[in-house]
Amino acid sequence: MYAYWGKILRVNLTDGTIKEEHFDEKFAKKWLGTRGFGIYYLLKEMDPTVDPFSPENKMIFATGPLTGTTAPTGGRYMVITKSPLTGYIAMANSGGFFGAELKFAGWDAIIVEGASDHPVYIYINDESVEIRDASHLWGKTSSETEAALKEEIGDKRIRAALIGPAGENLVRFAAVMNDEHRAAGRGGVGAVMGSKKLKAIVVRGHKRVEVADRAKFTSVVKEKTDKLRNDPTAGGGLPKYGTAVLVNIINQNGLYPTRNFQYSQFEYAEEQSGEAMAAKYLVRNKPCYACPIGCGRVNRLPTLGITEGPEYESIWALGAHNGINDLASIIEANHLADEYGMDTISLGGTLATAMELYEKGLLKQEDLGEDAPPFRWGNTEVLHYYIEKIAKREGFGDKLAEGGYRLAEMYNGVEYFMGVKKQELPAYDPRGAEGHGLGYATNNRGGCHIKQYMISPEILGYPYKMDPHDISDEKVKMVILFQDLTALIDAAGLCVFTTFGLGADDYRDMLNAALGWDLSTEEYLKIGERIWNAERLFNLKAGLDPLKEDTLPKRLLEEPVKNGPNKGHVVRLHLMLPKYYKFRGWTEDGKIPGEKLKELGLDEL
């Protein structure tokens, strides 16, 4: 096979065994990579009802066929496991350089199973694989751990996927970090790693990924890279201002959630925008492996020195979501979240839930402690004080570490949790983009924007502009297309930001040139549909009740927007969801019928 090694590394942390396993082209054509490989192994080998923190839960670190190639953004990897936050599938994506290094070492994926009785790390140097003691690393932050590993191994070019104290202490929204500031963030994958006492996976590789036709692949890659560089978003806004270029755009369009989605515009948005960050703090942009976009930010703060980020989502989650407008404090909070290893979206969402519980009188000062800062909108003290408390599960931080849903449940205020399937929502109020709302409600990993970024057609005009309040059949079908296409892009090992300039045919061209295949666009999209349905199947087996859980917070369904361009609007989910089930080929109650499973080759799972 080309672009694959056909090799999977299996590491059992309970008994210390290390095995090499193989797959063939038939398997590759069915599942492609990353999410596809991950969901296959979870369905094939694991009971979906297991406790996410039990040794029976498996973690798959997987690359795609284009990971480690020169394909634009070809550095992605994914962590697939059962989420301790939602109880359903978690598939967290990350960039940086770890994924490419894993591929250079000669592995397509790692299956981690069981659990160690003491802290360990896995060291991979090409074919050589060891499980090493990590007791001396336990308790260290992301940057401290990476520095210690480089010194211990004696190689500054290693790449590591690791956890900080939040993962060690089983914070339900802990992330897996790599390259210090890149995160496989959502769903608590870092907490699963912590439950296995696995501090890090360290990789060093020396191989080259071979493609079917080097000259043709190089030509195709150049063509697609040029398309990205000539696109106004991928080649303009993102390199210049990072993902925070969206702050002003989304705020002006009236879907920038403010004070826990009570409002849809933030009066201080300009002060925390990408433009403001570039003017005040930006040193340079920073691309991930093989990335022509370079949306990463390297910033300098007088109080902190050099750091990276924050991204659009983090600025919002730690800013407008909590009524906070101090950009310097937001950058510092983002840095702390990276160091401790936390998903900033769920972190900010949990804090915003606490803010509203406090505002409504359900959470009181005596619950927090006499010296703790009050959860008042705009109080920047909350950010820095509670991030450390959450990571270490100290005081009230222990309750916050459970995530916004469980916190709201503790204080009888579940209606103030803005999330789906127990995962906190990201930075777009769907009352201003109703197709995006359908995407939230049906997303396999809960409150998530990136697996069907309907902001593209509804706000930004990719691949063409759609009315954000249109709920026609065309809109519902576009949500499904975006979900299937994103599954394909993820599985290939690329970044979804390439959709700002590239379409389904472009991904087909790159894959066929690399793999030596001759699949049509429709055949590739069928792989995406298979992956999406397989993840749905896992969730159903794990106990998902579609009619109760394919939904949105009551506020977004019943409380019209109070201000801005979308004033008066709610999400008309009840009119879109039945059509979504129908167009998916599912039953009226959101289940996957036997004939659909057979059509997609999922009946064997």
Side-chain angles (χ1 to χ4, degrees), residues 34-35 38-39 76 78-95 172-176 183-190 243 246 250 255 257 261 311-314 316-317 321 342-350 352 403-405 417-430 433-456 458 479-491 495-497 499 528 531-536 538-539 542 544 546 549-553 556 571 573 577 580:
T34 70
R35 287 167 66 181
I39 193 59
R76 311 298 291 193
M78 297 197 81
V79 185
I80 306 98
T81 188
K82 183 177 181 181
S83 167
L85 187 67
T86 67
Y88 302 128
I89 188 71
M91 58 293 196
N93 193 306
S94 184
R172 287 188 187 269
F173 47 88
V176 172
R186 308 231 64 196
V189 293
T243 55
L246 286 169
I250 299 302
L255 55 153
F261 287 78
E311 304 292 334
Y312 165 74
E313 296 290 338
S314 305
W316 163 79
H321 201 11
M342 279 185 266
D343 168 28
T344 51
I345 300 176
S346 283
L347 168 63
T350 299
Y405 178 85
F417 168 68
M418 296 296 111
V420 173
K421 299 178 177 72
K422 300 185 178 69
Q423 178 160 272
E424 293 74 10
L425 285 175
Y428 309 91
D429 189 329
E434 295 188 59
H436 201 64
L438 174 62
Y440 282 161
T442 57
N443 198 291
N444 288 323
R445 67 174 188 174
C448 165
H449 62 297
I450 208 71
K451 301 306 173 199
Q452 71 287 302
Y453 194 64
M454 285 298 292
I455 297 305
S456 281
E458 293 188 298
V479 172
I480 292 171
L481 174 61
F482 265 62
Q483 289 175 338
D484 293 349
L485 178 61
T486 303
L488 169 65
I489 295 166
D490 283 344
C495 174
V496 293
F497 286 175
T499 55
I531 292 168
W532 189 270
N533 277 265
E535 291 166 348
R536 176 76 169 192
F538 181 92
N539 286 352
L544 175 73
E549 297 181 86
D550 285 347
T551 190
L552 294 169
L556 306 181
V571 182
L573 183 65
L577 193 59
Y580 176 89

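We're numbering straight along the sequence, starting at 1.
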For L85 against G403, the heavy-atom pair lying closest together:
CD1-CA, 4.3 Å
Which residues pass the side chain to side chain contact (heavy atoms under 4.5 Å, CB included) test with A427, sequence neighbours left out?
Y312, E313, W316
Does any N or O in the side chain of S83 come within less than 3.5 Å of the main-chain N or O of A90, such that one atom is a donor and the other an acceptor?
no
Pairwise distance CG(L438) to CD1(I480) - rounded to 0.5 angstrom:
8.0 Å
Using 0.5 Å steps for rounding, measure from the CE atom of M418 to the OH atom of Y440.
12.0 Å
Look up atom CG in L425 and atom CG in L552, then write down how far apart they are to the nearest 0.5 Å.
7.0 Å
Testing the basics here: between K451 and N93, what is the closest heavy-atom pair and its distance to 0.1 Å?
NZ-CB, 4.3 Å
To the nearest 0.5 Å, what is the distance between CD1 on I489 and CG on D484?
11.0 Å
Is there a donor-acceptor pair closer than 3.5 Å between any side-chain N or O of K421 and the backbone N or O of N444?
no
Output the distance between atom CG (L481) and atom OG1 (T486), rounded to the nearest 0.5 Å.
8.5 Å
Whether the side chain of Q423 engages the backbone of R186 through a donor-acceptor N/O pair (distance < 3.5 Å, no angle test) should be reported.
no
When the ring planes of Y405 and F417 are compared, do they come out parallel, tilted or perpendicular, using 30° and 60° as the limits?
perpendicular
Could you tell me whether the side chain of E424 and the main chain of G404 form a donor-acceptor pair under 3.5 Å?
yes
Is there a side-chain contact between N443 and W532, using heavy atoms and a 4.5 Å cut-off?
yes
Taking only residues two or more places apart in sequence, or in another chain, which ones meet D429 in a side-chain hydrogen bond (donor to acceptor under 3.5 Å, both in side chains)?
S264, R431
Between L577 and T442, the two heavy atoms sitting closest are CD1-CG2, 3.7 Å
Of the non-hydrogen atoms in I531 and A491, which two are nearest, and what is the gap between them?
CD1-CB, 3.8 Å
In terms of heavy-atom contacts, L544 and P546 come closest through O-CD, 3.3 Å
Distance alone, cut at 3.5 Å: any donor-acceptor contact between the side chains of Q483 and Y580?
yes
N/O donor-acceptor pair under 3.5 Å between R35 side chain and M78 backbone
no
If you take all heavy atoms of K82 and G87, which pair is closest and at what distance?
CE-O, 2.9 Å
Interatomic distance, F482 atom CZ to I455 atom CD1 [nearest 0.5 angstrom]:
10.5 Å
Return yes if some donor-acceptor pair links the side-chain N/O of N539 with the main-chain N/O of I89 below 3.5 Å, else return no.
yes
Full working for side chain to side chain contact (heavy atoms under 4.5 Å, CB included) between Y428 and E458:
CA-CA 12 Å; Y428 309 91; E458 293 188 298; over 6 Å; no
When you measure from the side chain of R172 to the backbone N and O of P84, does any donor-acceptor pair fall under 3.5 Å?
yes
Side-chain donor/acceptor of T243 to backbone N/O of E311, under 3.5 Å
no
